[in-house]
Amino acid sequence: MNAQAKSKQRTRNDRGSQSIYTQIRDQIVDGTLAPGTPLVEGPLAEKFGVSRSPIREALAQLSYEGLLERHGRAMRVRVLMAEDILEIYEVRIALERAAARAAAVRRTDLDLGRLDTLVSGMRQLGPDATEQRPKLAHAFHFELWRASHNSTLVSTLEAVHLRVLGLSSTTLHYPERWNTFREECLDILDAIRDRDVERAGQAAERQMTSARDFRVQLYSLNPDVLPERHPLGM
């Protein structure tokens, strides 16, 4: 095989592994592949109709991002323990605070409009629409990150969020947690609207700390079982 042919083959392999990576990642995030599900190169290669090489590359990337872990001789969808999630909260609290502070400085009227629409949607949501809660929560935080106008901060937050997205449970199906969360979002939005940097940072930190403390309370009641998993866990 000449150099040009080898280059084309590498390009096809790269595209193949990226497509496989995306498909597996999406199945982890939406819960199709539950925590603990084994992922073995051979069966996956047969399923996708490719050699083991692009499968291996896709699994390596997912492992690097924290979505997979080695279990025996194979890989499996990562099983997060309570300690793992609480560790991630430490990082998330600092990053969310930084994003809110930056948003208070750099936000535009368009940013405010997007955030305001999401907060209004939260307040109008009926009590039985529990599946919509985490989706609105994720959208609010994504728009908050985007309002920071700091691409490095946004990509870092997305990477941290991806580590628990689909692997973890949400606490927002608890009415008391959801009601508190909505008011916390309003506090963050008001501070950003007023360009109050300190208050925005404190409100964002308070929200994530409240989420962490609520989880601690749940874990203390039954430390061996994580709360029921919902999509877009938070």
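Since we're looking at a predicted model, the values are computed, not measured. Note that these values count all heavy atoms, side chains included, but never hydrogens, waters or copies made by symmetry.
Using the six-membered ring where Trp is involved, His141 and Trp145 have ring planes that are tilted, between 30° and 60° apart.
Partners of Asp190 according to the salt bridge (Lys or Arg N to Asp or Glu O under 4.0 Å) rule, which considers only residues two or more places apart in sequence or in another chain, do not exist here. Contacts of Asp116 classified as salt bridge (Lys or Arg N to Asp or Glu O under 4.0 Å), with partners at least two apart in sequence or in another chain: Arg193. Here Arg212 pairs with nothing under the salt bridge (Lys or Arg N to Asp or Glu O under 4.0 Å) rule; sequence neighbours left out. Applying the side chain to side chain donor-acceptor pair (under 3.5 Å) rule to Gln23 yields the partners Ser19; only residues at least two apart in sequence or on another chain are considered. Listed by chain and residue number, nothing satisfies the salt bridge (Lys or Arg N to Asp or Glu O under 4.0 Å) test with Glu183 (two or more places apart in sequence, or in another chain).
Side-chain contact between Gln207 and Thr180 is absent, with no heavy atoms from C-beta onward closer than 4.5 Å. Arg133 places none of its side-chain heavy atoms less than 4.5 Å from the side chain of Phe181. In this structure, the side chains of Phe48 and Ile24 come closer than 4.5 Å at one or more pairs of heavy atoms. Residues Ile28 and Leu68 meet the side-chain proximity criterion, which asks for heavy atoms closer than 4.5 Å. Counting heavy atoms from C-beta on, the side chains of Leu62 and Val77 never come closer than 4.5 Å. Leu136 places none of its side-chain heavy atoms less than 4.5 Å from the side chain of Leu172.
Shown here for Ala200 and Ala100, the closest heavy-atom pair between the two residues is O-CB, 3.4 Å. Shortest non-hydrogen contact noted between Arg163 and Tyr64 is NH2-O, 3.8 Å. A pairwise comparison of heavy atoms in Gly72 and Arg70 identifies O-CG, 3.5 Å as the closest pair. Listed here is the closest heavy atom pair of Asp84 and Val79: OD2-O, 4.1 Å. The heavy-atom pair separating Leu118 from Glu143 by the smallest distance is CD1-CG, 3.7 Å. Of all heavy-atom pairs between Val154 and Ser148, the closest is CG2-OG, 4.0 Å.
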Under 3.5 Å, side-chain donor or acceptor atoms of residues 108-115 against the rest of the protein: list the pairs with distances, not counting sequence neighbours.
from   : atom 1 : to     : atom 2 : distance (Å)
Thr108 : OG1    : Leu110 : N      : 3.3
Thr108 : OG1    : Asp111 : N      : 3.1
Thr108 : OG1    : Asp111 : OD2    : 3.1
Asp111 : OD2    : Thr108 : N      : 2.9
Asp111 : OD2    : His149 : NE2    : 2.7

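The distance from the OH atom of Tyr21 to the CD atom of Glu57 is 13.5 Å, given to the nearest 0.5 Å. Interatomic distance, Leu86 CG to Arg215 CZ, rounded to the nearest 0.5 Å: 8.0 Å. Rounding to the nearest 0.5 Å places CG of Leu39 at 11.0 Å from CZ of Arg76. Between Leu144 atom CG and Arg146 atom CZ the span is 11.5 Å, to the nearest 0.5 Å. Taken from CD in Glu96 to CG in Leu153, the straight-line distance is 8.5 Å, to the nearest 0.5 Å.
The other members of the hydrophobic cluster of Val197, by chain and number, are Val105 (side-chain heavy atoms under 4.5 Å, ILVMFWY only).
Looking at Arg107, its side chain does come within 3.5 Å of a backbone N or O of Ile192 through a donor-acceptor pair. In this structure, Arg78 contributes its side chain and Leu67 its backbone to no donor-acceptor pair below 3.5 Å. A donor-acceptor pair is defined here as one N or O able to donate and one able to accept, closer than 3.5 Å; no such pair exists between the side chain of Ser63 and the backbone of Leu59.
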| task | Take Arg52 and Leu44 through the test side-chain contact (heavy atoms from CB on, under 4.5 Å) and record every step on the way to the result. | result | CA-CA 8 Å; Arg52 293 194 179 200; Leu44 285 173; over 6 Å; no
| request: Kindly determine whether His161 and His138 satisfy side-chain contact (heavy atoms from CB on, under 4.5 Å), including the steps that lead there. | output: CA-CA 9 Å; His161 189 52; His138 174 63; 3.1 Å; yes
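The existence of a salt bridge linking Arg177 and Glu184 is confirmed by a sub-4.0 Å separation between a basic side-chain nitrogen and an acidic carboxylate oxygen.
Applying the ring pair (Phe, Tyr, Trp, His ring centres under 6.0 Å) rule to pairs touching residues 197-217 yields Tyr174-Phe214, sequence neighbours excluded. Applying the salt bridge (Lys or Arg N to Asp or Glu O under 4.0 Å) definition to pairs two or more places apart or across chains, those involving residues 198-208 are Arg97-Glu205, Arg101-Glu198, Asp194-Arg199, Asp196-Arg199. Annotation: side chain to side chain donor-acceptor pair (under 3.5 Å) contacts involving residues 118-129, sequence neighbours excluded, are absent. Among residues at least two apart or in separate chains, there is no salt bridge (Lys or Arg N to Asp or Glu O under 4.0 Å) pair with a member in residues 59-68. Sorted by first then second residue, the salt bridge (Lys or Arg N to Asp or Glu O under 4.0 Å) pairs that include residues 32-48, not counting sequence neighbours, are Glu41-Arg56.
When the side chains of ILVMFWY residues are joined at heavy-atom separations under 4.5 Å, either directly or via intervening members, Val40 and Met75 end up in two distinct hydrophobic clusters.
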